[in-house]
There are 2 protein chains.
Amino acid sequence: MRSVAKGAAGRTARQCRPEYPAIAPLAAPPAAPRKAASSGAVSDRALPLNEILIGDTIARMAALPAGSVDLVFADPPYNLQLGGELKRPDESRVDAVDDHWDQFESFAAYDAFTRAWLLAARRALKPNGTLFVIGSYHNIFRVGALMQDLGFWILNDIIWRKANPMPNFRGRRFTNAHETLIWAARSADSKYTFNYEALKAGNEDVQVRSDWLFPLCTGQERLKDEKGRKLHPTQKPEALLARVLLSSTKPGDVVLDPFFGSGTTGAVAKRLRRSFIGIEREETYADAARARIDAVEPLSEEALVAPPSAREAPRVAFSALVERGLVTPGAELTDAKGRFRAVVRADGTISLADSPNVGSIHRVGALAQGAEACNGWTFWHVEEAGRRHPIDILRARLRAEMGIAAE
Amino acid sequence: MRSVAKGAAGRTARQCRPEYPAIAPLAAPPAAPRKAASSGAVSDRALPLNEILIGDTIARMAALPAGSVDLVFADPPYNLQLGGELKRPDESRVDAVDDHWDQFESFAAYDAFTRAWLLAARRALKPNGTLFVIGSYHNIFRVGALMQDLGFWILNDIIWRKANPMPNFRGRRFTNAHETLIWAARSADSKYTFNYEALKAGNEDVQVRSDWLFPLCTGQERLKDEKGRKLHPTQKPEALLARVLLSSTKPGDVVLDPFFGSGTTGAVAKRLRRSFIGIEREETYADAARARIDAVEPLSEEALVAPPSAREAPRVAFSALVERGLVTPGAELTDAKGRFRAVVRADGTISLADSPNVGSIHRVGALAQGAEACNGWTFWHVEEAGRRHPIDILRARLRAEMGIAAE
DNA sequence: GGGTTTTCTGAATCCTCCA
DNA sequence: ATGGAGGATTCAGAAAACC
């Protein structure tokens, strides 16, 4: 890593890892199972896939079939309330976001607008769909509270830590160095998509945290107009969208972006072989987005195949191991240190030695330790060739035999 | 929608506020600026400094003199959606968690509670006071939106990035690795305290960002009960509070914590020579907090001296330099590169070479560059011993002569 | 051409005193 | 209250300009 071994304390700024977290270029199981995009369902055929709809986002969303999209990614107006112009210490002027679409009469007006588009987005979502919204302290609290009011179930709030934020020029506040994303399911009982294993595998085998570090969208990636000025005031970095789509969608899924802008969502969706629906009010932005997306080459399908996911692997009962002969009834199971012993029964239950207790590998494992719960697959071991292995090994062997890859 | 012209844009923000509910009557005594804690003002004498008040926080706050505290730090409860057991703020049970109406009911109850304590805190704050609230996605959005509704002016949202968060055991979400603090002034025109220079100096001379990295409160710092279990479920790390107090208060300031809990705010306030007022409902916590705070030794005053701050240094007019002979009338001033020249006049004004312009060092510096504004102290240079120095050097010399430290 | 320096810019609620 | 003036204030990264 770095050589900034400065004292124990290590303050904030310098402590951030300079390198950006690698995005696993692979994230999701094969597209096949979810046939959303290719199925012949009526509602699907009505979906304007991979198109940019021009007009009022609420009306456009209302015209989509209900329950038809897997993910909504929304980057709504922030309702910045800027004072006079701001200058840098060198007297140059800061190019502020003063576009008309970011101006609202009042918090009440902003709330009404927010409520309306959130409702429309919720209607468009499949029951198991999820929603991401990005914002700053100017608007995100209002958005989050309204989401809760409308029945969205918040899964995480996520911090986009900007590697290179604009400083605070007057020295009157902390550098505003992040934006907030809220990730929510359509309702509390949604069975949403979260590609946990793939994310973890792409993150040096540790869980991905709720704080993400990415640089701003600058340089070549930033779209420019014919005069070389930034085309859109708030273009988001593709890396951010890639993390969003890789974490919460599968290839083939449909992503709706009701504030399409420069089309980052569409570009990343195409690259990652997801479908998108964009809604944008301004033709100028839509035209630029279309050209941008046309130039994108999708990644190869192999690049998008996920590593085997334990969670999504089909359940294999211990009894199946017995049935298939990977464990013989009467075999002895022990814990890792050989302190507890149990005997395998023909029905796939096990019985604890020196006790009348019979039950599942999990239940009996818990009983043996006096614990409330226990993962029998990793607790119990079998001896093979003089070495102890967790029975999870046998399960993996069975899965391999069955030719089960990922899902 | 309004069309906001560039120049007039400044008023946008202010126009948003009038329609919000009127704030509780605030007598808002001007409160002798800094020395509040030590001054003999009547309202101050009534302040229960460095005490823990037992009881309902809203009632207790209402009994404090209005406009009497410099900072409120609040770590409110968020008993929502946790563990399937839903409680209203008054501790009554909410029956059906999945009932949408009840969910709404509980949000409404939480909002009412939040609104009430925020109003009470606002009343207790001095006009130039600020408020920190810490929370997670369960409650922070509601709190933030209500703060805006009540007229608080958000200065920053701050992310406490946990160095060692609890992992997500189910693998169904991102590791919840942060909490959010909202920092807000009592109103948009508050002249709040922000120790910018000191913070920057302690951060390798770069501005402190809005994302702070601290470990959880563990080990010796974590209070334990007689059975060795953690005494309080959400004890905050002292490092976090230290950053809060060091950034937004001066020694001697009064800090109110309406959800005192294990007393971290009090312990840190005492160590940093701030006064505190704690409010806590549970005697057990208050007892532990009292013992904890009693054991704290305040830092030496020297350890708390603020570094020199240009902003707070006494004003010295350029004419004073002329009067004292640090610059002689007729001396030549140039910019750093020697492109512009001006001559010092006896009255402390300067005249631009080859032009009829006469005025202050700032005005003439701006004129010379064709800029709108200019800091003459750093723009203009004098030559001494063959080297060019900004005239700011002379000012520093005069301040030293006058024996003026930096406040 | 290659290495170094300068310039430019990014969702920003960004000053304060005194007359 | 309001206006004018004093004078305080920036980090990282990429691109352009300059040797």
Side-chain angles (χ1 to χ4, degrees), chain A residues 13-14 16 18 75-99 101-103 134-140 160 162-180 215-222 224 228-230 232-237 261, chain B residues 9-14 16-17 148 152-157 184-185 188-189 191-192 194 196-197 200 203-210 309-318 359-363 365-366 372-380 391-392 395:
Chain A
R14 297 310 190 196
C16 328
D75 183 9
Y78 286 10
N79 190 25
L80 298 187
Q81 297 169 40
L82 305 180
E85 67 175 17
L86 177 65
K87 288 182 170 175
R88 299 188 176 81
D90 65 5
E91 289 285 304
S92 64
R93 203 178 66 83
V94 173
D95 184 15
V97 177
D98 50 9
D99 306 66
W101 47 255
D102 200 49
Q103 313 283 341
I134 183 168
S136 68
Y137 67 83
H138 310 86
N139 71 324
I140 201 66
W160 168 27
K162 301 180 182 182
N164 48 349
M166 191 186 321
N168 184 288
F169 297 116
R170 306 302 292 265
R172 295 297 296 146
R173 305 182 176 197
F174 297 99
T175 309
N176 193 1
H178 73 274
E179 291 187 27
T180 300
L216 298 174
C217 178
T218 59
Q220 296 299 326
E221 188 184 322
R222 188 88 195 215
K224 304 280 166 48
R229 298 168 307 193
K230 60 186 175 192
H232 192 280
T234 70
Q235 186 180 338
K236 295 292 177 288
Chain B
R11 322 305 158 216
T12 322
R14 329 281 148 166
C16 285
R17 284 174 288 113
Q148 291 180 311
F152 282 101
W153 190 247
I154 300 182
L155 299 169
N156 278 114
D157 59 336
D189 56 359
K191 300 196 189 321
Y192 56 91
F194 181 53
Y196 176 75
E197 291 85 359
K200 184 175 171 180
N203 190 45
E204 314 213 329
D205 287 320
V206 292
Q207 297 185 337
V208 173
R209 300 167 38 118
S210 56
S309 153
R311 215 182 290 277
E312 292 176 352
R315 298 217 161 191
V316 172
F318 184 67
S360 74
I361 51 174
H362 312 296
R363 213 53 258 141
E372 285 201 3
C374 165
N375 181 345
W377 291 109
T378 52
F379 179 75
W380 293 112
I391 56 177
D392 209 16
R395 181 171 62 163

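These figures come from a predicted structure and were not determined experimentally.
Residue A:Q220 has a polar side-chain atom (N or O) positioned under 4.0 Å from OP1 or OP2 of D:dA15. Listed pair A:R172 / C:dT16 meets the phosphate criterion, a side-chain N or O lying under 4.0 Å from OP1 or OP2. For B:H362, no side-chain nitrogen or oxygen approaches OP1 or OP2 of D:dA5 to under 4.0 Å. Using a 4.0 Å cut-off, no side-chain N or O of A:R88 falls inside it from OP1 or OP2 of C:dT7. Residue B:Y196 places none of its side-chain N or O atoms closer than 4.0 Å to OP1 or OP2 of D:dT9. Of the side-chain N and O atoms in A:S136, none sit less than 4.0 angstrom from OP1 or OP2 of C:dA11. OP1 or OP2 of C:dA11 has at least one side-chain nitrogen or oxygen of A:R222 nearer than 4.0 Å. Contact between the side-chain N/O atoms of A:K87 and the OP1/OP2 oxygens of D:dT10 is not found at any separation under 4.0 Å.
Taking only side-chain atoms of A:R170, from C-beta outward, the nucleotide of D:dA12, C:dT9, D:dG7 with the closest atom is D:dG7. Residue A:A163 has its side chain nearest to D:dG13 when only D:dT10, C:dC14, D:dG13 are considered. When distances are taken from the side chain of A:N168 to each of C:dC14, D:dA14, D:dC11, the shortest belongs to C:dC14. Nearest nucleotide to the side chain of A:N176, out of C:dT13, D:dA15, D:dT9: C:dT13.
Side chains of A:H138 and A:S136: a donor-acceptor N/O pair is present below 3.5 angstrom, by distance only.
If you measure from atom CD of A:Q81 to atom P of C:dA12, you get 15 Å, rounded to the nearest angstrom. Taking atom CD of B:E204 as the reference point, atom P of D:dA12 lies 11 Å away to the nearest angstrom. A:F169 places its CZ atom 13 Å from the P atom of C:dC15, with the value rounded to the nearest Å. Put simply, CE on A:M166 is 19 Å from P on D:dT9, counting in whole angstrom units.
The residue among A:V97 and A:G171 whose nearest nucleotide of DNA chain C is located toward the 5' end is A:V97.
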